[in-house]
There are 2 protein chains.
Amino acid sequence: MSDRGRATMKDVAALAGVGLATVSRVINGVPVDPHLTGRVLDAARQLGYRKDTAATSLRRADRRTNTIGLVLQDVANPFSSALHRAVEDVGVQRGLLVLAGSSDEEPDRERELLGVLRTRRVDGLIVVPTGAPDGELAAAHRDGTPIVCVDRASPVPGLDTVTADNRGGVAGAVRALHDLGHRDIGFVADHSSLWTARERHAGFVQAAGATRPAWVRRDVHTAEAARQAVTEMFAAAPAPTALVTAQNWLTVGARRALVELGLHRTVAHVGFDDFPLADMLDPPVSVIAQDPAELGRRAALLLLSRLDGDTGPAAAVTLPTRYIARGSGEIPPPGR
Amino acid sequence: MSDRGRATMKDVAALAGVGLATVSRVINGVPVDPHLTGRVLDAARQLGYRKDTAATSLRRADRRTNTIGLVLQDVANPFSSALHRAVEDVGVQRGLLVLAGSSDEEPDRERELLGVLRTRRVDGLIVVPTGAPDGELAAAHRDGTPIVCVDRASPVPGLDTVTADNRGGVAGAVRALHDLGHRDIGFVADHSSLWTARERHAGFVQAAGATRPAWVRRDVHTAEAARQAVTEMFAAAPAPTALVTAQNWLTVGARRALVELGLHRTVAHVGFDDFPLADMLDPPVSVIAQDPAELGRRAALLLLSRLDGDTGPAAAVTLPTRYIARGSGEIPPPGR
DNA sequence: CTGTTAGCGCGTTCAG
DNA sequence: CTGAACGCGCTAACAG
């Protein structure tokens with residue numbers, strides 16, 4: 001055996017005094033004479049043998065690497081990391097490892113990541129697509145790599161998707177505000193290049209109808225920008241009596257502005273997407289919650305079924321959202 | 001060429017009308033006749049060729065896979081995911097991909113993950129160790145795989161470590177409370193099996209000296225358990241005038257208890273580890289902050305230097321913590 | 001059931 | 001400079 005570098009099957013075979021294929025069989029659980037099995041396992045243990053996944057997948061007929069690629073917006077983002085964890089949990093039961101990367105919403109970075117993952121010959125891909133037309137995604141699809149888009153619609157036709165009912169969630173919350181008596185409702189959303197932001201806006205328009213343009217702020221991307229947008233919105237007269245913010249960081253920035261203006265107990269406020277400690281603010285923040293873990297779990301299960309040979313038409317799973325009334329969304333308009 | 005499955009170097013060579021080795025040279029940037037280079041690149045583009053990382057690393061002399069393994073407590077935990085992102089950012093500049101997994105503090109799961117990562121022949125490992133003696137870690141070390149332990153001390157002698165100054169951070173915060181006049185200080189910490197929990201406790205003891213046993217609660221693992229522990233601590237007389245909680249979820253649970261008891265504006269409270277929205281609670285929560293991203297960045301840089309051949313003795317980097325005064329820790333004791 | 005042999009796709013000799 | 005031959009560690013097909 002070589003003592004620099006790891007032991008190989010050949011080393012194990014030599015030490016156990018059996019053929020190479022017998023070692024392969026034992027290691028892979030193919031029935032073999034129990035006596036030989038013992039000798040092989042002993043030799044393997046003695047040498048600290050671990051089989052080489054790269055060589056295995058190179059030789060196997062199906063070329064499986066037991067690895068799936070996961071392209072997220074940002075692995076450090078709570079939404080993304082909850083999704084990541086759910087994918088990991090499903091994968092681990094099948095012996096799949098996850099290669100995760102962050103696109104930061106940049107199409108170039110997304111392409112690069114997908115390229116590297118393709119080079120790694122991952123068995124499948126789960127992607128939160130930036131939405132830009134993406135040759136790598138299309139190429140991976142043509143290569144026959146199963147791909148599931150999650151959280152957002154696919155930029156490439158024919159891919160499985162798992163998304164939340166963004167539109168319906170916002171529309172429902174707006175209707176609830178309307179039922180409370182609110183007629184003047186403001187709206188703050190993220191970059192319109194994002195499918196989710198467009199969907200949430202569509203839900204708002206669907207339920208709120210036409211409103212003053214100054215009360216609808218789109219392409220707001222950071223908590224700080226949301227703080228400014230909301231400050232402006234409520235500095236001018238007339239101001240809305242209720243506010244819907246379409247992303248969790250925007251919700252936090254908006255709340256900060258409302259506190260600064262002394263309006264946080266006066267203006268009704270509902271955010272899209274739940275966040276930690278939302279219930280510990282004063283008043284607690286009502287939200288339209290989606291379940292990132294469930295999005296990830298469903299995407300992973302869908303991918304597994306494709307890996308198992310399911311060749312049915314592309315699935316489009318839509319998961320419901322859930323309104324969580326905590327207080328901030330239940331404030332009535334003035335004079336009611 | 002094969003149309004099912006991807007194009008190989010052979011396919012590219014055939015299409016370009018050159019030898020296999022020439023394609024290899026062009027793809028790997030070894031100088032080649034510019035005319036041939038063009039033909040090869042054209043053919044590669046035309047076939048959507050991507051070189052196969054598995055085959056590459058199998059054949060290369062150094063066996064590099066350009067992959068590093070990252071074993072975290074939980075990829076979905078904000079601390080872990082911030083660290084993950086920092087590792088990714090350092091790695092991406094070197095073309096390294098990250099295989100991340102969650103140990104959930106379970107030694108068995110940790111061992112299994114490390115085993116799989118070893119099978120993948122990752123170039124290096126960054127691990128938040130559970131602390132249990134771990135044969136896989138030791139074996140990987142013996143194999144010559146560079147390993148950096150981060151956030152916690154290494155269970156295996158001779159590994160590089162990057163940790164925060166847990167002990168000094170807590171001791172400093174306790175001294176600040178003492179300077180404010182506090183003499184009766186409670187303490188709540190996580191499982192004593194965790195190195196960080198033991199260090200933070202040591203820092204508390206070092207600065208606070210002997211206190212009533214009922215005011216020191218260890219092995220408290222969840223926000224809910226912290227809520228109960230703090231409720232009990234302040235239900236009995238005498239109760240402390242200040243409280244230090246040694247982990248962010250425990251801090252949140254403790255604050256919940258203080259609010260329920262109506263003591264959140266009366267009892268001084270300092271938490272270890274910052275968390276989102278700590279500044280938006282009332283009163284804002286003072287914390288001993290560590291920088292998970294910096295921990296990850298330093299660990300990754302240390303790993304890279306090992307990959308570059310640094311064979312110096314094991315490094316033990318300790319990063320300072322930073323006290324963030326927001327209000328809750330600046331409440332004086334009654335009658336002062 | 002076991003052993004032998006031939007490649008998987010690529011990098012790296014070695015001749016030309 | 002280029003191309004042919006070899007082998008990395010393993011599995012699949014075959015022969016015994």
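The shown structure was predicted, so the numbers you read here are calculated from the model rather than taken from an experiment. Within every chain, numbering begins at 1; the chains are lettered A, B, ... in the order of the sequence lines, protein sequences first and strands thereafter.
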To the nearest angstrom, how far is A:Asp11 atom CG from D:dC10 atom C1'?
13 Å

Grab the CG-P distance between A:Asn66 and D:dC10 for me, whole Å please.
15 Å

Side chain of B:Ala21: nearest nucleotide among D:dG3, C:dC10, C:dT2?
D:dG3

Measure from the side-chain heavy atoms of B:Thr8 and tell me the nearest of D:dC1, C:dC1, C:dG9.
C:dG9

C:dG11, OP1 or OP2 - any side-chain N/O from B:Ser24 closer than 4.0 Å?
yes

For A:Thr56, answer base if it contacts any base atom (sugar-phosphate contacts may also be present), sugar-phosphate if it contacts only those atoms, and nothing otherwise; contact means non-hydrogen atoms under 4.0 Å.
sugar-phosphate

Nucleotide of C:dG3, C:dC10, C:dT2 approaching A:Val18 most closely (side-chain heavy atoms):
C:dG3

Selection from C:dC10, C:dT2, C:dG3 that lies nearest to any side-chain heavy atom of B:Tyr49:
C:dC10

Any heavy-atom pair between the side chains of B:Thr67 and B:Leu96 that's under 4.5 Å?
no

Both A:Leu58 and A:Ala61 contact DNA chain D. Taking the nearest nucleotide for each, which residue is further toward the 5' end?
A:Leu58

A:Leu20 CG to C:dA6 P, in whole Å, measures 14 Å

Rounded to whole Å, how long is the line connecting atom NZ of B:Lys10 with atom P of C:dC10?
10 Å

Qualifying residue for side chain to side chain contact (heavy atoms under 4.5 Å, CB included) with B:Val162, from B:Leu295, B:Leu301, B:Thr318, B:Leu83
B:Leu295

Mind calculating the distance between CZ (B:Arg39) and P (D:dG3) to the nearest angstrom?
8 Å

Between the side chains of B:Arg152 and B:Glu110, is the shortest nitrogen-to-carboxylate-oxygen separation below 4.0 Å, so that they form an ion pair?
no

Take the protein atom CZ of A:Arg63 and the nucleotide atom C1' of D:dC10, then report the distance between them rounded to whole Å.
12 Å

Testing A:Leu72, A:Val127, A:Val128 for side chain to side chain contact (heavy atoms under 4.5 Å, CB included) with A:Val150, which one passes?
A:Val128

Rounded distance in Å - CD1 (B:Ile27) to P (C:dC10)
9 Å

If we ignore angles and hydrogens, is there a donor and acceptor under 3.5 Å between the side chains of A:Gln73 and A:Ser102?
no

Nucleotide of D:dC1, C:dT2, D:dT11 approaching A:Arg25 most closely (side-chain heavy atoms):
C:dT2

What's the NZ-P distance between A:Lys51 and D:dC10, to the nearest Å?
9 Å

